[in-house]
**Q** 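I am attaching a structure below and will ask some questions about it afterwards.
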Amino acid sequence: MSRSLSPLIALFALAVLYALPAIAPRAMVQDLFGILTLLVLAMNWNLLAGFAGLVSVGQQAFVGIGAYAMFAAIILMGLDPLVGVVIGGIAAAVFAVPMAFFAFRLNGAYFAIGTWVVADIARLAISQWKALGGGTGTSLPKGTAKEMAFVDGIKEMLDVSTAAAADALTYWLMLSLAVAMLVASYIFLRSRMGLGLQAIRDNENAARSVGVDPLKLKAAVFLLTAFATGLCGALAFIQITRVTPDAAFSVIDWTAFVIFITVIGGIGTLPGPIVGVVVFYALQRALADYGTIYLIVLGCLGIAVMLFARRGLWGLFTDRTGIDPLPLRHRPPRVAKPSHSA
Amino acid sequence: MSALLTIAGLTAHYGDFQALFGVDLTLDQGQTVAIIGANGAGKTTLMRAITGVAKVTAGSVRLAGEEITRSPAPDILTRGVAMVPEGRKLFPSLTVEENLLIGAHARRGNGFWTLERIQTLFPILKERRLSPGTALSGGQQQMVAIGRALMSNPQVLLCDELSLGLAPVVIKEIYAAFPQIKDSGTSIIVVEQDISQALRVADHVHCMMEGRITLSGRPSELSRDAIHDAYFGVNHA
Amino acid sequence: MMLIDTLAQGMLLGGLYALFAAGLSLVFGIMRLVNLAHGDLIILAAYLILTVATVTGLHPFVAVLIAAPLMFGFGWLLQTHLLNRVLGNDILPPLLVTFGLSVVIQNGLLSTFTADSQKLTAGSIEAASVDLGVVTLGVMPVLTFGSAVLVIFLLNQLFYRTALGRAFRATSDDAVTAQLMGIRPQRVFAMATGIAMVVATIAALYLGTRANFDPSIGPARLLYAFEAVIIGGLGSLWGTLAGGIVIGLAQAIGASINPEWQILSGHIAFVLVLLIRPRGLFPRAND
Ligand SMILES: Nc1ncnc2c1ncn2[C@@H]1O[C@H](COP(=O)(O)OP(=O)(O)OP(=O)(O)O)[C@@H](O)[C@H]1O
Ligand SMILES: [Mg+2]
């Protein structure tokens, strides 16, 4: 029953999400935009840490570079913001090449701090870029959103203000990015390469012996997630409209939250980030009046998950119920027995 | 003679794989017992189960009447069961002398075995005392491993495949230390693939196959054929 | 003249970074644990010294004698109740748990002490300096550097000359065989983290007397500490001191050209060293 029903429910939910700017107040669209941003970042980090075993604490580098490249495209080159977003993604991917070259020399846990150092280098270097405001940052020129491609059309179609139309456009783009990420991850993880990646995570030597080159595969995942993270960062800062090195390269906003979301939802599971982002949003709402308490709660939750349920809430759910709508492979038997593949 | 170590119905698993099937064995005070068996028979698992590093799923191990089953490995050592592990397992960051001293890490009070006595037993260990433990030859490393275990002044010494990979002369040299170890009041269990060595050194021999003891007796009572059958299975061609 | 002065300041600054790093190096050497909360634990220790000094009216250099055993106890409990449970082949749990801890400590400090900057006041010694002819050095930086050398010397003695150090090394080599020697790895680890926290408290003393601190500056200290450890070579305590000096020198030289380049220069020196010597300056043979 659940098998035949769940795709329908998913399609319906998706249709509602796409229709939202037409039916919901602007504040809600903005809220959802924020959630989707975190979701996209979490899906990327999950691919890195949960599947490729690359625990990066430097994802803020790609967000920041994406954002700054987009600002540069608009302010210095006078390009359309949407072109700027694509440039943001490309810039992040380009930056990922030397970053990988460096950070991949560091093993396991040291990779984590290595990526953090590189992100800090990027932040400090961009603080020296005077044309974009140096350490104090800069804002998008007035009217940028208005002149963005498609905004006029959307404005007429939805019969809303220009600002709301711009919000709707960025929202749709972020939603599409999230959907694309989800679909691409699913296809990739079930492909030969994706299965190879999971084999590497579980046992690097075994994977090498079946002919997957762990390094190449990991590097590819690193570059692709950098691209998507850069796109996401650029898109996010169109809405924020103001960029500073500290905000664009914030380890808390762009990496810590994302790590907790993924861990709580279920690291190494496809739906984990989705579950995590919902829990995160609920927590944020419930504890909004208590300031830093909510970060403490988040940290404690993350620790508790690692202690008691390493595959997060989603892992708990599939273990308890045996339902897994997005299985990545035929689950191996819990304990290795003489193998007989069915 | 009273039983020092009593093992009853000992069962051990690695995950779903059962490696020991209800092993019974006793070691009397002052006795040397040998366990022989082919590769994969479960000898090492038995040693690891006694010393608390392998998971026991059923049965019991008693030392001088006291239950030590499932005690943490460090507790079992403090109670008086020391092991010379298969493959020696010296600590590479420690010198020869430090490898010996670490054997006395948990020791309380005095006993027969001291650093000097070990160095008298195996003089080469004094000569090479400052070398890294793993820089020694296989035989010398085996001496360090024996000395390290003796440093805790154990009541029971478990030796897992002392002769593995060593030349016959070296094996002889190592086993030449056994009378002194016995004289110090230590009872011994040796695991050996070298059957004639086992028969020579032991008061009692057990043969293991596929996780069970298939034959037991004094060396003089056991015929070569019986051992062969117990070793490889009666049904083998 | 200017150059010599810069180099001397940089080297002394390196002493502070070596103090940040020594605990990290020790813990990594023994249990292969990378503690992402290390910087925040140093800041926690600074607030502890501050609290003790404020409550009792003691001088920070005396207050540290009360704070250090408390931090040892905290480290011990942290290891036995939290970190020991996540050590293992999978690197993810310890990383994420210490990352969570980092966020919890930072925000815990923030809600207890607010975001205002604090400082440990040590009195006239802060302004004192010694004139060596070629350069004039502050007494505090010299004291910091001297403490770093002493701490690393003592840690080395502990590591290579005591029964505890032997147990540290044996457990690090092979925890299962260590248990057959009567060693309890969990206790050894707790001891190591306790000692690392004592070193962190000493680092906090100098951090807090030399400059302002607030709850948010922990991660940056973690990065400097980490860079010092890696530059020095994993598992080498004297290497860690050398690594600290490299970062200190690079930062001082960078800052003398443009104050905004201080941190960036340190990071870049780290990247360059690693590109030239991937295993650091003094790598341990068996790693
Ligand atoms: N860590 C382990 N995980 C799973 N199975 C194991 C493990 N160690 C041993 N086994 C299995 O348990 C059985 C008994 O192994 P054990 O090492 O006790 O044999 P042994 O008699 O000591 O052999 P050898 O003479 O080769 O040392 C073997 O089938 C082996 O494959
Ligand atoms: Mg064996």
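In what follows, chains are A, B, ... by sequence order, proteins preceding strands, each numbered from 1. Just so we're clear, the structure is a prediction, and the values are computed from it rather than from any experiment.
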**Q** Are there over 12 heavy-atom neighbours, none belonging to C:Trp261, within less than 6.0 Å of that residue's CH2?
**A** no
**Q** How long is the gap from CG on C:Leu234 to CG on A:Asn107, to the nearest 0.5 Å?
**A**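 The distance works out to 9.0 Å.
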**Q** Between C:Val103 and A:Leu298, is the side-chain contact (heavy atoms from CB on, under 4.5 Å) condition met? List the steps.
**A** CA-CA 9 Å; C:Val103 170; A:Leu298 209 57; over 6 Å; no
**Q** State the CD1-CD1 distance between A:Ile121 and C:Ile263, to the nearest 0.5 angstrom.
**A**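 Between A:Ile121 CD1 and C:Ile263 CD1, I get 12.0 Å after rounding to 0.5 Å.
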**Q** Against chain C, work out which of A:Val297, A:Leu301, A:Ile267 has the most heavy-atom pairs shorter than 4.5 Å and name it.
**A**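 Result: the option with the highest number of such pairs is A:Ile267.
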**Q** Of all the heavy-atom pairs spanning A:Arg310 and C:Arg85, show the shortest one and how long it is.
**A** NH2-O, 3.7 Å
**Q** Distance check, rounded to the nearest 0.5 Å: A:Thr255 atom OG1 versus C:Phe99 atom CZ?
**A** 7.0 Å
**Q** Please give me the minimum heavy-atom distance between C:Ser111 and A:Ile296, naming the atom from each residue.
**A**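 Where C:Ser111 meets A:Ile296 most closely, the heavy atoms are OG-CD1, 4.2 Å.
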**Q** Does some side-chain heavy atom of C:Gln106 sit less than 4.5 Å from a side-chain heavy atom of A:Leu295?
**A** no
**Q** List the atom of A:Arg105, the atom of C:Leu275, and the distance in Å for their closest heavy-atom pair.
**A** NH1-O, 3.4 Å
**Q** Pick from A:Ala304, A:Ala256, A:Ser127, A:Gly302: which one has the most heavy-atom pairs with chain C under 4.5 Å?
**A** A:Ala256
**Q** With a 4.5 angstrom heavy-atom cut-off, which part of C:Leu33 approaches chain A: side chain, backbone, both or neither?
**A**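 For C:Leu33, neither part sits under 4.5 Å from chain A.
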**Q** Measure the shortest side-chain to side-chain distance between C:His81 and A:Leu307 over non-hydrogen atoms and say whether it is less than 4.5 angstrom.
**A** no
**Q** Mark yes when over 12 heavy atoms from residues, nucleotides or ligands other than A:Lys130 sit less than 6.0 Å from its NZ; otherwise mark no.
**A**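 Above 12, so yes.
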**Q** Are A:Asp120 and C:Pro219 close enough that some pair of their side-chain heavy atoms sits under 4.5 Å apart?
**A**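 Side-chain contact under 4.5 Å: no.
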**Q** Under 4.5 Å heavy-atom distance to chain C, tell me which part of A:Leu106 shows up: side chain, backbone, both or neither.
**A** side chain
**Q** Below 4.5 Å from any heavy atom of chain A, which atoms of C:Leu110 appear? Answer side chain, backbone, both or neither.
**A**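 Contact with chain A is through the side chain of C:Leu110 alone.
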**Q** For chain A, find its close neighbours in residues 88-98 of chain C: heavy-atom separation under 4.5 Å, sorted by number, or none.
**A** C:Ile91, C:Leu92, C:Pro93, C:Leu95, C:Leu96, C:Val97
**Q** Relative to chain C, which of A:Ile113, A:Leu124, A:Thr292 shows the most heavy atom pairs under 4.5 Å?
**A**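 Top option by heavy-atom pairs under 4.5 Å: A:Ile113.
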**Q** Let me know if A:Phe308 has heavy atoms under 4.5 Å from chain C in its side chain, its backbone, both or neither.
**A** side chain
**Q** Return the minimal non-hydrogen interatomic distance between C:Val34 and A:Ala109, and the atom names on each side.
**A** CG2-CB, 3.4 Å
**Q** Quick check on the interface: out of A:Trp116, A:Tyr110, A:Phe101, who has the most heavy-atom pairs with chain C under 4.5 Å?
**A** A:Tyr110
